[in-house]
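This report concerns only the one structure given below.
When reading the values below, keep in mind they use all heavy atoms of this one structure, side chains included, and skip hydrogens, waters and symmetry mates. Letters A, B, ... mirror the listed sequences (proteins, then strands); counts begin at 1.
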Protein chains: 2
Amino acid sequence: MITKRSSRPLTLRDVSEASGVSEMTVSRVLRNRGDVSAATREKVLTAARTLGYVPNKIAGGLASQRVNLVAVVIPSLSNMVFPDVLGGVSSELDDTGLQPVVGVTHYSPSREDAVLYDMLSWRPSGVILAGLEHSQAARAMLENVGLPVVEIMDVDGEPIDTAVGISHRRAGSEMAEGILAAGYRRIGFIGTHMPEDHRARKRLAGFEDRLTEAGVTLAAREYYQGGSSLGKGRELTERILTREPDLDFLYFSNDMIGAGGLLWCLEKGYDIPGKLGLAGFNGVDLLDGLPMRLATTDARRVDIGRRAARIVSGKEARPESGVIALSPTIIPGDTIRKP
Amino acid sequence: MITKRSSRPLTLRDVSEASGVSEMTVSRVLRNRGDVSAATREKVLTAARTLGYVPNKIAGGLASQRVNLVAVVIPSLSNMVFPDVLGGVSSELDDTGLQPVVGVTHYSPSREDAVLYDMLSWRPSGVILAGLEHSQAARAMLENVGLPVVEIMDVDGEPIDTAVGISHRRAGSEMAEGILAAGYRRIGFIGTHMPEDHRARKRLAGFEDRLTEAGVTLAAREYYQGGSSLGKGRELTERILTREPDLDFLYFSNDMIGAGGLLWCLEKGYDIPGKLGLAGFNGVDLLDGLPMRLATTDARRVDIGRRAARIVSGKEARPESGVIALSPTIIPGDTIRKP
DNA sequence: TTGAAAGCGCTAACAA
DNA sequence: TTGTTAGCGCTTTCAA
């Protein structure tokens, strides 16, 4: 390949001149659109390669009014859960010519507004965003863009257009069910103090409601700030068990702190799952190699990403109801007694 | 905010008509550019908000020949290392008006070519990509784009424009140094079989070279395919120690499998670090809550992301030499004997 | 199968 | 401080 350094980027016109073919036909060849003779096609491709031409999608997008981008707006990347969702999105988008563009909100509604505004200004072909709770402004923007908008992760609420996710209320409720069935009664909860993490909040609500139905009250709670880590899990577990030594179950709001708690309890010689049961949430890979398998709920992250991408790309029709509710699957692991 | 459903997206002209101000002045207000009277500004902003106008960056980019996007091309997201790099990039880009756009190559050179081509066709303001090894085609593209191009993670090689990273040869060599100083001699290595992971390869080369200098030969190796997990680490550790029971050290190519190996060894009752030493690579958070702190090397992921972003954004000048070599820092942990 | 003309929505450059 | 004009590099539409 021969290339020349030049301040001006190459344009279709350059390829047109180098190949002796009109710009229009060059454009057709480069996009595989319309009928072009093999000879012409060859001339054009050779010229383009020789020059090292890279098309300008900015100009193309403006002219065609179509942009092969999908905006994906998520709260966090450090979380171990959203990369999985992204993986699902990207694998399903792979053969569609669409490309995900990721924006991160750090669980801040105002950042979400800003990120959305920014992404919409690129006129993407669709929007995938986490959660059902958005500012007035964000809802207004999204209701009027005239694009597929898929809200993911959660189905407990009213979608703007379409929702793909699990019911976190149900996830919490079913875990409570399993814990009660196994005979645990003195139950403690450990989770982040994050008013903006609506899914964690709904999970706990579903969990407590189910306990209440059974006449059981949450015996203790421990909240923390900031990111989740094994260390945090240890620390909080120690704290809650020191405060309430007679707890017989700990429900963690995610697997990372759950795993930390599990490691701590094992070191301290707790009888698990006999005297103390444990459960997390998410179903992350990390749990695979721990000394004991933590009970958890598979949040269907990859599936959610895939289905959302299928809808945005038009592979799958938006359901009449606007909601695709996947089932949160309980993975019993070894940290809950068999009933 | 009043919005109306319309098939045609709003344009500057709509805001211009609604506010009775010329398109040009509307544009100035919306970009905070040039002198505009407070009264006019107010009229424009009110009109824009009332209509729910979202600017079209496609058109803006074409007209101004500038696009506030930075292409970030990395091998993987599921890796636990690249999200950290991204965090560094994005935090440093936050106040520059530049936005990262992420492309993932899955360690495939041909995917890298495709992703780069695609991203360059958006005419970004700069490119950050992992590694120094690229196809001819990729190098040609990047040498001629006339943008800042920062290759990250690695400095052992010739950058196209600028490199920010650590020397993986040195990281391997220094770890070998530490292991030898602690008196270990029967050393085994566990790593991925990934010809395209050049950094892992260089680390091992540096490691072995240092051993050779000391007259020590690697006593065993175990390779695996696919992703890293605690489970993989356990499995491989068991395999290598079964095959070569008299090893006194295991060097893992990353912390995830290292942590798996550590957990396995602790369960089996190995005397660590007395009879058997262990070390990983990366310095990930995960290590914090394990029963014992795995020795590792901090790969400076966040710093690398930050510095790369500073260069691309012009906050920091490209160094004369084109290379910014950060120091890989050894974190001794508890799994290497004190010399 | 190929080409010519017009214009996508915005901003640079200049004029008033 | 505000407005006018002329494109940015492509693709759509229509004609040949």
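Sequence order on DNA chain D of the closest nucleotides to B:S64 and B:G34 puts B:G34 first from the 5' end.
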Exercise for the section: Any chance you could lay out the side chain to side chain contact (heavy atoms under 4.5 Å, CB included) test for B:V149 and B:L129, step after step, and finish with the verdict? Expected result: CA-CA 8 Å; B:V149 173; B:L129 82 167; 4.0 Å; yes

Problem - Stepwise side chain to side chain contact (heavy atoms under 4.5 Å, CB included) check, B:T40 with B:T25 - result: CA-CA 8 Å; B:T40 307; B:T25 299; 3.8 Å; yes

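Residue A:S22 has its side chain nearest to C:dG3 when only C:dG3, C:dT1, C:dC10 are considered. Listed nucleotides: D:dT12, C:dT11, D:dC10. Nearest to the side chain of A:R31: D:dT12. Side-chain proximity of A:A59 to D:dC10, D:dT13, D:dG3: nearest is D:dC10. Among the nucleotides C:dA12, D:dT13, D:dG9, the one closest to the side chain of A:M24 is D:dT13. Between C:dT1, D:dT13, C:dG9, one nucleotide has an atom nearer to the side chain of A:D35 than all others, and that is C:dT1. Candidate nucleotides C:dT2, D:dG3, C:dG9 were compared by shortest atom distance to the side chain of A:T25, and C:dT2 ranks first. For A:L62, the listed nucleotide lying nearest its side chain is C:dG9; candidates were C:dG3, C:dC10, C:dG9. Of the candidate nucleotides C:dT2, D:dC10, D:dT1, D:dC10 has the atom lying nearest to any side-chain atom of A:L12. Listed nucleotides: D:dC10, D:dT2, C:dG9. Nearest to the side chain of B:T40: D:dT2.
Residue contacts for A:R33: at a heavy-atom cut-off of 4.0 Å it reaches no nucleic acid atom on any strand shown.
The interatomic distance linking B:E23 (CD) with C:dC8 (P) rounds to 11 Å, in whole Å. In this structure, A:N56 places its CG atom 18 Å from P of C:dC8, rounding to the nearest Å. Between the P atom of D:dT1 and the CZ atom of B:R41 lies a distance of 11 Å, rounded to the nearest Å. Between A:E17 atom CD and D:dG9 atom P the separation is 13 Å, expressed in whole Å. With rounding to whole Å, B:L30 atom CG is found 16 Å from C:dG9 atom P. Rounded to an integer number of Å, the gap from B:E42 CD to D:dT2 C1' is 18 Å. One atom, CZ of B:R13, and another, P of D:dT5, lie 13 Å apart when rounded to the nearest Å. Separating the CZ atom of A:R28 from the C1' atom of D:dC10 is a distance of 13 Å, rounded to the nearest angstrom.
By the 4.0 Å N-to-carboxylate-O rule, A:K315 lies close enough to A:D95 to be salt-bridged with it. Under the 4.0 Å criterion applied to side-chain N and carboxylate O atoms, A:D118 and B:K57 are assigned as salt-bridge partners. In summary, B:D14 and B:R8 engage in a salt bridge, as defined by a charged side-chain N under 4.0 Å from a carboxylate O.
By the neighbour-count criterion of 12 heavy atoms within 6.0 Å, atom CZ of A:R13 is sparsely surrounded, having that number or fewer from other residues, nucleotides or ligands.
OP1 or OP2 of C:dT11 sits under 4.0 Å from a side-chain N or O of B:S27. Proximity of B:S37 to the phosphate of D:dT2: a side-chain N or O atom is located under 4.0 Å from OP1 or OP2. Proximity of B:Q65 to the phosphate of D:dG7: no side-chain N or O atom is located under 4.0 Å from OP1 or OP2. A close approach under 4.0 Å does occur between a side-chain nitrogen or oxygen of B:R66 and OP1 or OP2 of C:dA12. Taking side-chain N and O atoms only, B:Y53 has a distance below 4.0 Å to OP1 or OP2 of C:dC10.
For B:R123 and D:dG9, a side-chain-to-base donor-acceptor distance below 3.5 Å is absent, hydrogens and geometry of angles not being considered.
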